[in-house]
Amino acid sequence: VILLGLSVGSFFFTPDRAFSENENRYLQTTPELTADNVLSGKFMTEVENYTSDQILLRDFWTGARSALQRLEGRQDISGTYLGADGRYFAKVTDDTFNWDNYQKNLAAVETFFTANDGKRCTALIVPSPAGVLRDSLPEDAPYYDEDRAFAMLEEHLGTAFADARQALAGVADPYYHTDHHWTTAGAQAAYHIWAEATGHTARSYALVQATDRFRGTLYSKVLLPDSVYDEVDYCPDITIESADCDGTVTDSLYDLAALEKKDKYELFLGGNYAKAVLRTGVENGKHLLLIKDSFANSLVPFLCGDYETITMVDLRYCREKIQPLADEADDVLVLYEITNFAADGNLFKLNLK
């Protein structure tokens, strides 16, 4: 009766939501009733998804479920570990870490670097939050063998691999409490490691608070009402001439309008794009090709003082061949968080001819 009442109330008395900011995904809207959809089974599947996605007070029920599970003593809710000091961690075990794909991606990067051996090629593969903050994990929480994964990085890439683990461990808050990304302070520490590995002189920048009301992707999985808020910092002193992000041109590295949204990490460049070309205003003729995931968005401002242009490519969305972009570059940087790197099915694109 409760489920029926909620379903009826959701259908008749609340408007459909097309997008969930908390879950960062599009929701199932009213299914289309046609003969083809009924006969194929699509209609009933969409009805089930619709009932789940549009149920009245959906976020409240998710938070209530998480609170009850925590009262039961659960420290693993919706694939998220509830760690110390209000920190949440994505649950990754040896069974769920894609070791086979990880090795394929390592081989793809190794082949790409070999094909560009006349350039300065670097891989900055970022440790996971739980890898750096292991003492904050719940006691005896299973976690994948990250030391093994990093040993494989060193084996395949040698001196082209820049290891930021120690530098991140020395930062007070290298990662957000409720989001999977690193903080701007963490990104700046990794930038110093990159500079040391590549022979650049690292610059230090003062960070300014943009907001102190950020709850991220891991919060969205549990929606516990007492989750902590994170501070998001940025460096307004770093300016550029232009950023062409998939055809949209701006003159800033920062999208301040994102501070009014749920996903405040979009402060950095406004999110992810297939290709973004930054013209920094530095006149040294140097060009960087940056193959990246979203972790690069908060690090790239620190690179702007070293290059005249930076081309950022996200292989999940990019349909261009990568080698012509590498031919135009002086340096190449591959920057991924390690579990993202292991799961990514697009790194083979690096070597498409």
ask   = Is the backbone N or O of Leu269 less than 3.5 Å from a side-chain atom of Tyr273, with the two atoms forming a donor-acceptor pair by type?
value = yes
ask   = Checking Asp293 side chain against Phe341 main chain: does a donor-acceptor pair fall under 3.5 Å?
value = no
query = So is Arg215 actually on top of Tyr229's ring, under 6.0 Å and inside 45° of the axis?
reply = yes
request  = Under the side-chain contact (heavy atoms from CB on, under 4.5 Å) rule, collect the residues that match up with Phe348, sequence neighbours excluded.
outcome  = Leu352
inquiry  = Ring centres under 6.0 Å, that's the criterion: do Phe150 and Phe161 meet it?
reply    = yes
Residue pairs involving residues 247-258 (criterion side chain to side chain donor-acceptor pair (under 3.5 Å); sequence neighbours excluded) = none
note = So OG of Ser298 and OH of Tyr265: to nearest 0.5 Å the spacing works out to 3.0 Å
Separation between CE of Met312 and CG of Asp244, rounded to the nearest 0.5 Å = 12.5 Å
query = Counting only N and O atoms by type, is there a donor-acceptor contact under 3.5 Å from the side chain of Thr96 to the main-chain atoms of Val92?
reply = no
key: Greater than 12 external heavy atoms within 6.0 Å of Arg120's CZ   = yes
query = Is atom NZ of Lys119 surrounded by more than 12 heavy atoms (other residues, nucleotides or ligands) closer than 6.0 Å?
reply = yes
ask   = So, Asn105 versus Asp344: side-chain donor-acceptor pair below 3.5 Å or not?
value = no
message = Does Glu283 have more than 12 heavy atoms from other residues, nucleotides or ligands lying within 6.0 Å of its CD?
response = no
inquiry  = Testing the 3.5 Å rule here: is there a donor-acceptor pair between the side chains of Asp76 and Gln69?
reply    = no
message = Tell me every residue that passes ring pair (Phe, Tyr, Trp, His ring centres under 6.0 Å) with His200, counting only those two or more places apart in sequence or in another chain.
response = Trp194, Tyr307
ask   = Heavy atoms, side chains only, cut-off 4.5 Å: are Val334 and Leu124 in contact?
value = no
query = Hey, does the side chain of Ser227 reach the backbone of Leu223 with a donor-acceptor pair shorter than 3.5 angstrom?
reply = no
task = Spell out, yes or no, whether Ile240 and Tyr234 are grouped together once hydrophobic residues are joined by side-chain heavy atoms under 4.5 Å, including indirect joins.
result = yes
key: 4.5 Å side-chain heavy-atom contact, Ser128 and Tyr175   = no
inquiry  = Looking at Asn297 and Gly271, would you say the former's side chain and the latter's main chain have a donor-acceptor pair under 3.5 Å?
reply    = yes
query = Is it true that Lys261 and Asp263 make a salt bridge, defined as a side-chain N closer than 4.0 Å to a carboxylate O?
reply = no
key: Side-chain touch Leu333/Ile291, heavy atoms, less than 4.5 angstrom   = no
task = Kindly say whether Ser78 contributes a backbone atom to a donor-acceptor pair with the side chain of Lys221 at under 3.5 angstrom?
result = no
query = Which residues pass the side-chain contact (heavy atoms from CB on, under 4.5 Å) test with Ala342, sequence neighbours left out?
reply = Phe97, Tyr102
Same cluster (ILVMFWY, side-chain, under 4.5 Å), Leu278 and Tyr317 = no
message = One thing to verify: whether Arg203 and Asp306 come together as a salt bridge, which I'm taking to mean a side-chain N less than 4.0 angstrom from a carboxylate O.
response = yes
Atom CG of Asp117: over 12 foreign heavy atoms under 6.0 Å = yes
query = Does Asp314 pair with Arg319 as a salt bridge, N-O distance under 4.0 Å?
reply = no
ask   = Got Leu267 and Val232 here, is their nearest side-chain heavy-atom distance under 4.5 Å?
value = yes
message = What I'd like to find out is whether the side chain of Asp179 reaches to under 4.5 Å of the side chain of Tyr219, using heavy atoms alone.
response = no
ask   = Where the side chain of Asp212 meets the backbone of Glu231, is there a donor-acceptor pair that is under 3.5 Å apart?
value = no
pair His180-Phe89: side-chain heavy atoms closer than 4.5 Å = no
note = Scanning both residues in full, the closest heavy-atom pair of Lys349 with Leu315 reads NZ-O, 2.7 Å
Glu196 atom CD, neighbour heavy-atom count above 12 within 6.0 Å = no
ask   = Does any donor atom in the side chain of Thr339 or Glu337 lie under 3.5 Å from an acceptor atom in the other side chain?
value = yes
key: Shared hydrophobic cluster, Tyr191 / Val171 (ILVMFWY, side-chain heavy atoms < 4.5 Å)   = no
ask   = Are Tyr88 and Ile338 in one and the same hydrophobic cluster, where Ile, Leu, Val, Met, Phe, Trp and Tyr link if side-chain heavy atoms are under 4.5 Å apart?
value = no
task = For His287 and Asp330, test the side chains for any donor-to-acceptor distance below 3.5 angstrom and give the result as yes or no.
result = no
side-chain hydrogen bond (donor to acceptor under 3.5 Å, both in side chains) assessment of Thr34 paired with Lys42 = CA-CA 10 Å; Thr34 66; Lys42 180 182 178 183; over 6 Å; no
ask   = Can you check whether His181 and Phe295 have ring centres sitting under 6.0 Å from each other?
value = yes
inquiry  = Closer than 4.0 angstrom, basic N to acidic O: yes or no for Asp85 and Arg87?
reply    = no
request  = Find out if a path of hydrophobic residues (ILVMFWY) with successive side-chain heavy-atom gaps under 4.5 Å connects Leu259 to Leu253.
outcome  = yes
key: NZ/Lys286: more than 12 non-hydrogen atoms of other groups inside 6.0 Å   = no
message = Restricting to side-chain contact (heavy atoms from CB on, under 4.5 Å), what partner residues turn up for Gln166, sequence neighbours left out?
response = none
ask   = Will you find, in the side chains of Lys104 and Asn101, an N or O donor that is under 3.5 Å from an N or O acceptor?
value = no
query = Is the number of heavy atoms from other residues, nucleotides or ligands under 6.0 Å of Met152 CE greater than 12?
reply = yes
key: Non-hydrogen side-chain atoms of Ile193 and Asp163 separated by less than 4.5 Å   = no
request  = Output all residues satisfying side-chain contact (heavy atoms from CB on, under 4.5 Å) with Thr183, sequence neighbours left out; order by chain, then residue number.
outcome  = Tyr176, Ala185
key: Thr184 side chain vs Asp233 backbone, donor-acceptor pair below 3.5 Å   = yes
Main-chain N/O of Thr178 paired to Asp230 side chain as donor or acceptor, under 3.5 Å = yes
NZ/NE/NH1/NH2 to OD/OE distance under 4.0 Å, Arg279 and Glu308 = no
task = State, yes or no, whether a side-chain contact exists between Trp182 and Pro174 at a heavy-atom distance under 4.5 Å.
result = no
